[in-house]
Amino acid sequence: MTTDVTDQTLQVLKDHGLRVTPQRHIILSYLASHHNHPSVEMIRVALSRKLPNLGAATIYNTLNTFVDLGIVVELQNGDGSTHYDYFGTPHYHAICTNCGRITDVTYPDFSQVERKLEAKTAEFTGYLISGNHMEVYGLCPDCQKKLRVNKENIK
């Protein structure tokens, strides 16, 4: 974990008015420095050397707090498990419908697209928008090769 990530995540916790505990800090730092969209179990295993007594319940509770505050997003990848992603830089997710792989997609004007989408949603539905998360689904390049699928044979 680099000093930049450590400092950044410490500041994020403070900015959201959270008490900085070792568990919260190490979980957020892990998410900020790893873009593997881990499950709770993956996080527990990865952090077991640094915090051997870190249990799944603590990880769940911490992640739920982060999700409620919009620091982290929950992702379902089709296998029934929940995965998590630090949302420090606005991006959306491409999720493979075959293998469940989740890929971050950054787009230079993503924040502007989000604002327009929220405004149109509010206009058409009357909803007071409090947040959003965008996902697109399809086949990753590896599954396209395995399944011998390309743009030409998809309708």
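- The main-chain N or O of L139 is found under 3.5 Å from a side-chain atom of Q144 such that the two form a donor-acceptor pair.
- Contact annotation: the side chain of N98 approaches that of L147 to within less than 4.5 Å [non-hydrogen atoms, C-beta and beyond].
- Between E41 and R44 there is a salt bridge, with a side-chain nitrogen of the basic residue lying less than 4.0 Å from a carboxylate oxygen of the acidic one.
- In this structure E135 satisfies the side chain to side chain donor-acceptor pair (under 3.5 Å) test together with H133, Y137, sequence neighbours excluded.
- A donor-acceptor pair is defined here as one N or O able to donate and one able to accept, closer than 3.5 Å; no such pair exists between the side chain of H25 and the backbone of T21.
- Y84 and N36 share no donor-acceptor pair across their side chains, judged by distance under 3.5 Å alone.
- Tracing side-chain contacts under 4.5 Å through hydrophobic residues (I, L, V, M, F, W, Y), one never reaches L63 starting from M42; they form parts of separate clusters.
- The shortest side-chain heavy-atom distance between L31 and P38 falls under the 4.5 Å cut-off.
- Put simply, L69 and L13 are part of the same group of oily side chains (I, L, V, M, F, W, Y) that touch within less than 4.5 Å, one to the next.
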Criterion salt bridge (charged side-chain N to carboxylate O under 4.0 Å, His left out) on E118 and R115, from CA distance to verdict: CA-CA 5 Å; E118 287 177 356; R115 283 192 299 278; over 6 Å; no
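- For the pair L28 and L10, the minimum side-chain heavy-atom distance is 4.5 Å or more.
- Judged purely by atom type and a 3.5 angstrom limit, H83 uses its side chain to pair as donor or acceptor with the backbone of H37.
- Cluster membership check: V73 does not share its hydrophobic cluster with I129, using side-chain heavy-atom separations under 4.5 Å among Ile, Leu, Val, Met, Phe, Trp and Tyr.
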Residues H93, H91; criterion side-chain hydrogen bond (donor to acceptor under 3.5 Å, both in side chains); working and verdict: CA-CA 7 Å; H93 296 99; H91 61 277; 3.2 Å; yes
Ring pair (Phe, Tyr, Trp, His ring centres under 6.0 Å) for F110 and Y92? Distances and angles first, verdict last. CA-CA 8 Å; F110 183 66; Y92 65 99; 5.7 Å; yes
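- With a 4.5 Å cut-off on side-chain heavy atoms, Q76 and T82 count as touching.
- By the rule that hydrophobic residues join a cluster once side-chain heavy atoms approach within less than 4.5 Å of another member, V20 and L18 end up as members of one cluster.
- Checked by atom type, the side-chain pair T9/S29 shows a donor-acceptor distance below 3.5 Å.
- Contact of the V113 side chain with the Y107 side chain is registered, since non-hydrogen atoms from C-beta on lie closer than 4.5 Å.
- In this structure, Y86 and V12 have side chains that are in contact, with non-hydrogen atoms separated by less than 4.5 Å.
- Counting heavy atoms from C-beta outward, F66 and R24 have side chains that approach closer than 4.5 Å.
- At a threshold of 4.5 Å between side-chain heavy atoms, the hydrophobic network of Ile, Leu, Val, Met, Phe, Trp and Tyr places L51 and Y60 in one connected group.
- The side-chain heavy atoms of I43 and Y30, taken from C-beta on, include a pair separated by under 4.5 Å.
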N61 vs T65, side chain to side chain contact (heavy atoms under 4.5 Å, CB included): CA-CA, chis, key distance, verdict: CA-CA 6 Å; N61 292 336; T65 298; 5.6 Å; no
Would L47 and Q23 satisfy side chain to side chain contact (heavy atoms under 4.5 Å, CB included), going step by step from the backbone distance to the final call? CA-CA 10 Å; L47 299 178; Q23 295 86 352; over 6 Å; no
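- Atoms NZ and SG, from K145 and C140 in turn, are 9.5 Å apart once rounded to the nearest 0.5 Å.
- Atom CG of residue D142 and atom SG of residue C99 lie 7.0 Å apart, to the nearest 0.5 angstrom.
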